[in-house]
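Residue numbering restarts at 1 for every chain, and letters A, B, ... go by the order of the sequence lines.
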Protein chains: 2
Amino acid sequence: MARTREFDFDATVAAAMEAFRRNGYEGTSIRDLTKATGLGSGSIYAAFGSKEGLYLAALDLYRQRYAAPLIDMLRSGNDAREVIREVFVGAVDEIARDGKRLACLIVGATVERARDDLRVAERLRSTTRSLESALFDVLAEGQLRGQIAADRSATDLATFLVTSLQGLRVMGGINADRATLMRSAEVALSCLD
Amino acid sequence: MARTREFDFDATVAAAMEAFRRNGYEGTSIRDLTKATGLGSGSIYAAFGSKEGLYLAALDLYRQRYAAPLIDMLRSGNDAREVIREVFVGAVDEIARDGKRLACLIVGATVERARDDLRVAERLRSTTRSLESALFDVLAEGQLRGQIAADRSATDLATFLVTSLQGLRVMGGINADRATLMRSAEVALSCLD
DNA sequence: ACAGTTCTTTGGCGGTCGTTCCAGTTAGCC
DNA sequence: GGCTAACTGGAACGACCGCCAAAGAACTGT
């Protein structure tokens, strides 16, 4: 065998993720990442292959940490209207807490990287699709039970809700006032009536 | 006096704007901008002072070209419901046409620059405020005339609609399919019922 | 103890960054 | 037609970019 890896892989990716959220892809240099992670540049390249590789790892961690829990919540089987509201309130809280300091990596990747990087674009599509699909299931179920308005297709509503969440994240970068974001979210949720 | 400026100022800013929309702020170098505008770097610095100066000029042109017309439409005095629909359909068309290639500079600036650059942040707040205010007036008028549901405040609806537009622009970067975007927009518009 | 393997650090590669400076050119005023 | 001032493209600046080779350090298996 050989020397064991010294650094904490997950903590490293988490540190890189925060750096990318703070300054974007192009705005974060390898030297910034060495400071943020505590690794030397050689170690970064040994572990991730390239700056893009580390970015993809950070994006995957972000999806796992922030998108997957939303999907799990939606799949928990709880009341449709209630669980969707929970998702929105959670998103608003998070944006209000650190939306000024840290951008959503998914929105950032969409704007800054999706055009150049097919692997990023694929991940974004995948996450969006999963979220839409989870929302669709909850909405369709809710419509059957009469909890959600049935005069619009669950597909359209699901797409709309994802779009609204993206919009909230953008707005958080301009004005992260919680009350304003929440009022916007309330209107979006009222589409389910 | 002295020699007159040779290059077309507006065309130069327009070329820079497209470059920034295509590759973002950090992703566009001064050398890229010399190729896009046809100017030498010396001329760029004489006219705009810095890369940031040219970016601000590009952002201002974007606001003038894409945000101001929306506001003018809203202020035209036409039927509330109709004019708001027009704004959304116009936005969807534009995103579907070149959302894959060219990002919305406002969303891009929010994600990539607003945290670092106060002058950018101020411009974004100003544009958002103007758009919200124009929407508010149209909505309030529509509510008085019974064309728009009056059970929600016009302020909230205006904020929500701006958020929806931002969301559509982000979604356009992931999946610019016109029909999907339009169905999302339709749901948002149905909040006015 | 030693060989073998893998991780880590260091230093620096070639190139590009934003910016500045400069010589050369051109347009307006006497 | 000179004089001057502004504009022009391009060379060059120091700094920084992403990346990588080489060597030291730490671990396992013998």
Side-chain angles (χ1 to χ4, degrees), chain A residues 1-59 105 108-109 112-113 115-120, chain B residues 1-59 105 108-109 112-113 115-120:
Chain A
M1 272 308 184
R3 179 173 174 180
T4 52
R5 173 176 282 151
E6 282 181 9
F7 66 89
D8 179 339
F9 192 88
D10 288 351
T12 296
V13 178
M17 181 183 76
E18 191 173 312
F20 282 128
R21 289 185 68 184
R22 208 172 10 230
N23 297 113
Y25 180 81
E26 301 279 5
T28 307
S29 70
I30 292 288
R31 279 154 189 83
D32 292 337
L33 291 166
T34 64
K35 284 172 205 155
T37 63
L39 266 61
S41 59
S43 300
I44 290 180
Y45 277 88
F48 302 99
S50 66
K51 182 180 174 182
E52 190 209 351
L54 179 51
Y55 185 77
L56 287 174
L59 181 56
L105 206 56
E112 206 183 354
R113 299 294 304 156
R115 260 171 288 277
D116 307 335
D117 192 324
L118 288 177
R119 285 186 287 182
V120 167
Chain B
M1 272 308 180
R3 179 175 173 180
T4 53
R5 174 179 283 151
E6 279 182 13
F7 67 89
D8 179 341
F9 193 87
D10 288 351
T12 296
V13 178
M17 180 183 77
E18 191 175 311
F20 283 128
R21 288 186 67 185
R22 204 169 16 229
N23 297 113
Y25 181 79
E26 302 279 4
T28 307
S29 70
I30 293 289
R31 279 155 190 81
D32 292 337
L33 292 166
T34 63
K35 284 171 205 155
T37 63
L39 265 61
S41 59
S43 301
I44 289 180
Y45 278 86
F48 303 99
S50 66
K51 181 180 174 182
E52 190 210 351
L54 179 50
Y55 185 76
L56 287 174
L59 181 55
L105 206 57
E112 205 182 357
R113 299 294 304 155
R115 259 170 290 276
D116 307 335
D117 192 326
L118 287 177
R119 285 186 286 180
V120 168

Kindly write out the residues that satisfy side chain to side chain contact (heavy atoms under 4.5 Å, CB included) with [X], not counting sequence neighbours, or none if the list is empty.
X        : answer
A/Ala14  : A/Leu61, A/Arg65
A/Ala36  : A/Ala19
A/Asp117 : A/Glu52, A/Arg113, A/Arg119, A/Val120

Inset, instruction - Report which part of the nucleic acid B/Gly38 touches: base, sugar-phosphate, or nothing (heavy-atom distance under 4.0 Å, all strands). - result: sugar-phosphate

Inset, instruction - Identify, with sequence neighbours excluded, every residue that meets side chain to side chain donor-acceptor pair (under 3.5 Å) alongside B/Arg22. - result: B/Glu18

Inset, instruction - Sequence neighbours left out, what passes side chain to side chain donor-acceptor pair (under 3.5 Å) with B/Asp116? Give chain and number order. - result: none

Inset, instruction - Sugar-phosphate atoms are those with a prime plus P, OP1 and OP2; base atoms are the rest. Using that split, label each nucleotide of nucleotides 15-21 of chain C B, S or - for protein heavy atoms under 4.0 Å, 5' to 3'. - result: --BBBBB

Roughly, in whole Å, what's the span from [atom1] in [X] to [atom2] in [N]?
X       : N      : atom1 : atom2 : result
A/Asn23 : D/dC17 : CG    : C1'   : 15 Å
B/Phe48 : D/dC7  : CZ    : P     : 12 Å
A/Lys35 : D/dG18 : NZ    : P     : 11 Å
B/Leu33 : D/dG9  : CG    : P     : 14 Å
A/Leu39 : C/dT9  : CG    : P     : 6 Å
B/Phe9  : D/dC7  : CZ    : P     : 11 Å

Kindly list each side-chain donor-acceptor pair under 3.5 angstrom involving residues 38-49 of chain A, sequence neighbours excluded, with atom names and distances?
none

Legend entry - Test: A/Lys51 cationic atom under 6.0 Å from A/Tyr25 six-membered ring centre, within 45° of axis: yes

Legend entry - Pairwise salt bridge (charged side-chain N to carboxylate O under 4.0 Å, His left out) hits with a residue in residues 30-45 of chain A, at least two apart: none

Inset, instruction - Quantify the bending of the helix from C/dA1-D/dT30 to C/dC30-D/dG1 as the angle between its end axes, each fitted on five pairs, to 10°. - result: 0°

